[in-house]
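To start, the structure under review is shown below, and the notes come after it.
Below, all heavy atoms of this structure are taken into account, side chains as well, without hydrogens, waters or symmetry copies. Treat the numbers as computed from the prediction; the structure is a model and nothing was measured.
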Amino acid sequence: MTAALQTAYVRGAGGTSFGRHEGRTALDLMDAAAAQAIDSAGLARHEIDGVLCGYATTLPHLMLSTLVCERLALRPHYAHGLQLGGASGAAMLMAARDLVRSGRCRNVLVLGGENRLTGQSRDSSIQTLAQVGDADFEVPNGASVPAYYALMASEYMHRTGVTSADLAEFAVLMRGNAARHPDAHLRTPITVQEVLNAKPIARPLSLLDCCPISDGAMALVVSAHPSASGAVAMVGAGQAHRHQHLTAMADVMQCGAAEAAQRAFGEAGLGLDDVDYLAVYDSFTITLVMLLEEIGFAPRGGAAQRARRGDFAPTGALPLNTHGGLLSYGHCGVAGGLAHAVEAWRQMTGQAGERQIAPPRTAFIHADGGVMSSHVSLLLSRED
């Protein structure tokens with residue numbers, strides 16, 4: 001008879017501020033985030049028996065997970081590096097859950113971080129990220145990541161009636177949330193009109209439709225037992241991978257997000273109506289709109305209407321990215337996506353400081369990598 005699977009809990013979380021960190025390497029940032037996460041989990045470093053580490057473009061080491069373990073004075077009996085673009089953080093949390101549920105590990109440290117803002121030139125960063133494109137049909141034409149998303153946005157907006165003003169609502173919402181977070185990269189309030197008037201990057205996307213490049217790191221500990229600060233169980237997880245390159249995307253209306261979410265909800269035995277907090281990837285405003293609508297938290301073309309009603313505000317029925325998301329909290333690679341999970345955990349355990357909302361009971365986390373290429377959905381549930 002197969003033994004029952006162990007419940008996996010998000011036991012602790014930590015991170016650095018996002019923005020500019022002169023003189024600090026990716027390893028420095030990850031060390032600081034890991035120390036916070038392990039401490040908040042109430043553990044000692046020798047109790048970490050598993051380590052999952054995301055890639056870092058400023059630290060392209062072939063054995064990054066063991067390099068991190070060496071730097072952090074960790075000696076786990078399981079270590080692994082993972083590379084899935086923006087979905088890496090959520091995928092590592094899913095893998096950590098599986099390691100704990102199987103009994104292979106008791107306490108798994110999940111972390112990512114890099115100094116993209118100060119440790120890499122602007123041109124190098126743009127060139128590195130652009131390699132997500134098809135080497136034969138996309139990269140040779142000089143496309144950037146914003147250009148890939150702009151092409152996708154044009155098709156989606158044409159088919160659904162979503163406007164640039166609709167997208168701008170989410171840039172404004174994320175900036176407002178970030179203004180209440182002391183560690184956010186961008187905190188100056190903005191208006192819809194300022195988003196519309198901002199410098200075009202790749203039409204229809206303006207500068208304020210795009211996330212900034214940041215330095216920073218985030219870490220979480222997934223364990224077989226909850227922490228004293230609250231029992232937050234990872235009750236559902238799902239993935240979907242339909243394409244890698246934009247030119248291989250079969251249908252802009254079905255990118256795989258709904259499929260990943262359905263698997264997570266099915267495993268958890270929950271539905272959309274059970275969720276009272278959203279942590280949804282937002283590399284661009286169009287990313288956020290497409291994900292909310294494909295998964296079902298808003299009808300096609302209707303996400304902005306919900307935003308204008310206040311549904312996604314911290315005081316609304318479905319608070320969204322209360323830390324400010326990638327669009328304003330910042331984006332430093334794998335840690336950018338992990339920040340969504342860190343914020344969800346802090347809100348669920350009452351550790352979000354001045355931006356604390358009524359502690360959610362069920363949080364939905366979704367991340368995507370590439371150009372809406374790889375999708376990972378997670379469900380966290382607070383146990384009393």
Heavy-atom donor-acceptor pair, E114 side chain to T57 backbone, under 3.5 Å: yes
F284 vs M290 side-chain heavy atoms within contact, under 4.5 Å: no
Sidechain N-carboxylate O distance under 4.0 Å for E267, R263: no
Side chains of Q239 and S374 in contact at under 4.5 Å (non-hydrogen atoms): no
Aromatic ring proximity F265/F364, centre distance under 6.0 Å: yes
Cationic N near anionic O, under 4.0 Å, R159 to D251: yes
Pair R308 + D166: basic N to acidic O under 4.0 Å: yes
Side-chain heavy-atom pair L72, V51 within 4.5 angstrom cut-off: no
Option passing side chain to side chain donor-acceptor pair (under 3.5 Å) with T322 (candidates E343, R180, R355): E343
D31 side chain to D28 backbone, donor-acceptor under 3.5 Å: no
Between R187 and H181: side-chain donor-acceptor atoms closer than 3.5 Å: no
Any D183 side-chain heavy atom under 4.5 Å of F18 side chain: no
Short N-O contact, E47 and R11, less than 4.0 angstrom: no
The single option from Y277, Y329, W345 passing ring-ring contact (aromatic ring centres under 6.0 Å, His included) against H323: Y329
Side chains of Y156 and E293, donor plus acceptor under 3.5 Å: yes
